[in-house]
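Every number for a ligand or one of its atoms is a count from 1 in the order of the listing.
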Amino acid sequence: MQKKSDQYMIETKDLVYEYNRRDENGDIAEIVRALDGVSLKVKKGDFIAVLGANGSGKSTFAKHLNGLLHPTEGVVYINGMQTDREGNVLPVRQMAGMVFQNPDNQIISGIVEEDVAFGPENLGVSTEEILLRVEESLKQVDMLPYRKHSPNRLSGGQKQRVAIAGVLAMHPQCIILDEATAMLDPAGRKKVLEIVMRLNKEEHITIILITHYMEDVTEADYIYVMKEGKIATSGTPGEVFEQKKILQDCALELPTATRIAQLLNEADIPVGDGILTMEELADRLDKLRG
Ligand code: ADP
Ligand code: MG
């Protein structure tokens, strides 16, 4: 029989994390509580967004999901595995892959396909199998034609797609993207988001998309909003975007389309509620025109 926690890709209970800030003598000068009682459950195959302003604890949370950090208090389970149990470090890292903000810090090799091979090599995967995985992973991010290229010449968005391929080559069940679109131009951002959504829909990979852009999360199944290490609110995109006061307290801005829709409603042009994208806004305006 499966343990109950196996139903969830991610489960955190009362997660607390404290950084020790040290002075020049190496003595602890200050304790920073970056996570303060985070409890949540993510079902397998879900597309989850974590939204929050700078310093709200998003990256600290992300690093708990693939065992880069271990809780000060509380527990984190990844697919039923407690992350700070001995022997779980590698399985957790293989299960939940991470893509970071800066594409330049993630690419280590001089050739795209070697870079993608790096993860599975470290897992001890056979050479034959690695070749297959590299090809399959590069295909999934539409980067196969670049397999022999030098990553240096790629755009930021292309580099992030190579980083995603590197994670895919480890056959993860979950991918965590920590502000992975923040440094990209709009086209690069759109493409990376499209690929991530496709991996979720077609490959059923659980996605945790961490961002401070509300525009990026309109397609999420569920959103958690973080503030000062706590979950300030959560819900579907429609539910969360209606909570104007809380979003303001969390220093988050509504998607442009939602803001325009609210202004139009106030100006007695009744486009209605729950508008998240420019396409939806255009549709409603079209309907109004009759
Ligand atoms: P976010 O990713 O949302 O910007 P972080 O998780 O990076 O938030 O940071 C949460 C809090 O923890 C902030 O107050 C930050 O200053 C603090 N913090 C982050 N990393 C460290 C560190 N290595 N040492 C001390 N404090 C840190
Ligand atoms: Mg961060």
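With salt bridges taken as basic N to acidic carboxylate O contacts below 4.0 Å, one links R33 and E73. Between K58 and E179 there is a salt bridge, since a side-chain N of the basic residue sits under 4.0 Å from a carboxylate O of the acidic one. Salt bridge D178/K63: absent, no basic N to carboxylate O contact under 4.0 Å. Taking a cutoff of 4.0 Å between a charged side-chain nitrogen and a carboxylate oxygen, E135 and R147 qualify as a salt bridge.
S137 contributes a side-chain N or O that, together with a main-chain N or O of R133, makes up a donor-acceptor pair within less than 3.5 Å. No donor-acceptor distance shorter than 3.5 angstrom exists from the side chain of Q173 to the backbone of A96, with no hydrogens or angles considered.
Heavy-atom proximity to N54, at under 4.0 Å, picks out these atoms of ligand 1: 4 (O). Close contacts of ligand 1 with S59, meaning ligand atoms under 4.0 Å from a residue heavy atom, involve 1 (P), 2 (O), 6 (O), 7 (O).
Considering only non-hydrogen atoms, atom 20 (N) of ligand 1 lies nearest to Y19 out of Y19, Y17, F61. Nearest-heavy-atom check against atom 8 (O) of ligand 1 across G57, A34, G52, A53 picks out G57.
Proximity of A62 to ligand 1 is not established, as no heavy-atom distance is less than 4.0 Å.
Where the criterion is an N or O separation shorter than 3.5 Å, residue side chain and backbone included, V32 fails it with respect to ligand 1. Geometrically, ligand 1 and G55 share a nitrogen or oxygen pair separated by less than 3.5 Å.
In this structure, the protein non-hydrogen atom closest to atom 15 (C) of ligand 1 is R21 NH2, 4.5 Å. Counting protein heavy atoms only, atom 6 (O) of ligand 1 is closest to T60 OG1, 2.5 Å.
Look at N54 and the Mg ion (ligand 2): no N/O/S atom of the residue is under 2.8 Å from the metal.
For E179, no heavy-atom contact with ligand 1 is shorter than 4.0 Å.
A continuous path of hydrophobic side-chain contacts links I130 to V162 [ILVMFWY only; heavy atoms under 4.5 Å].
Side chain to side chain, Y222 and T236 fail the donor-acceptor criterion of an N or O pair below 3.5 Å.
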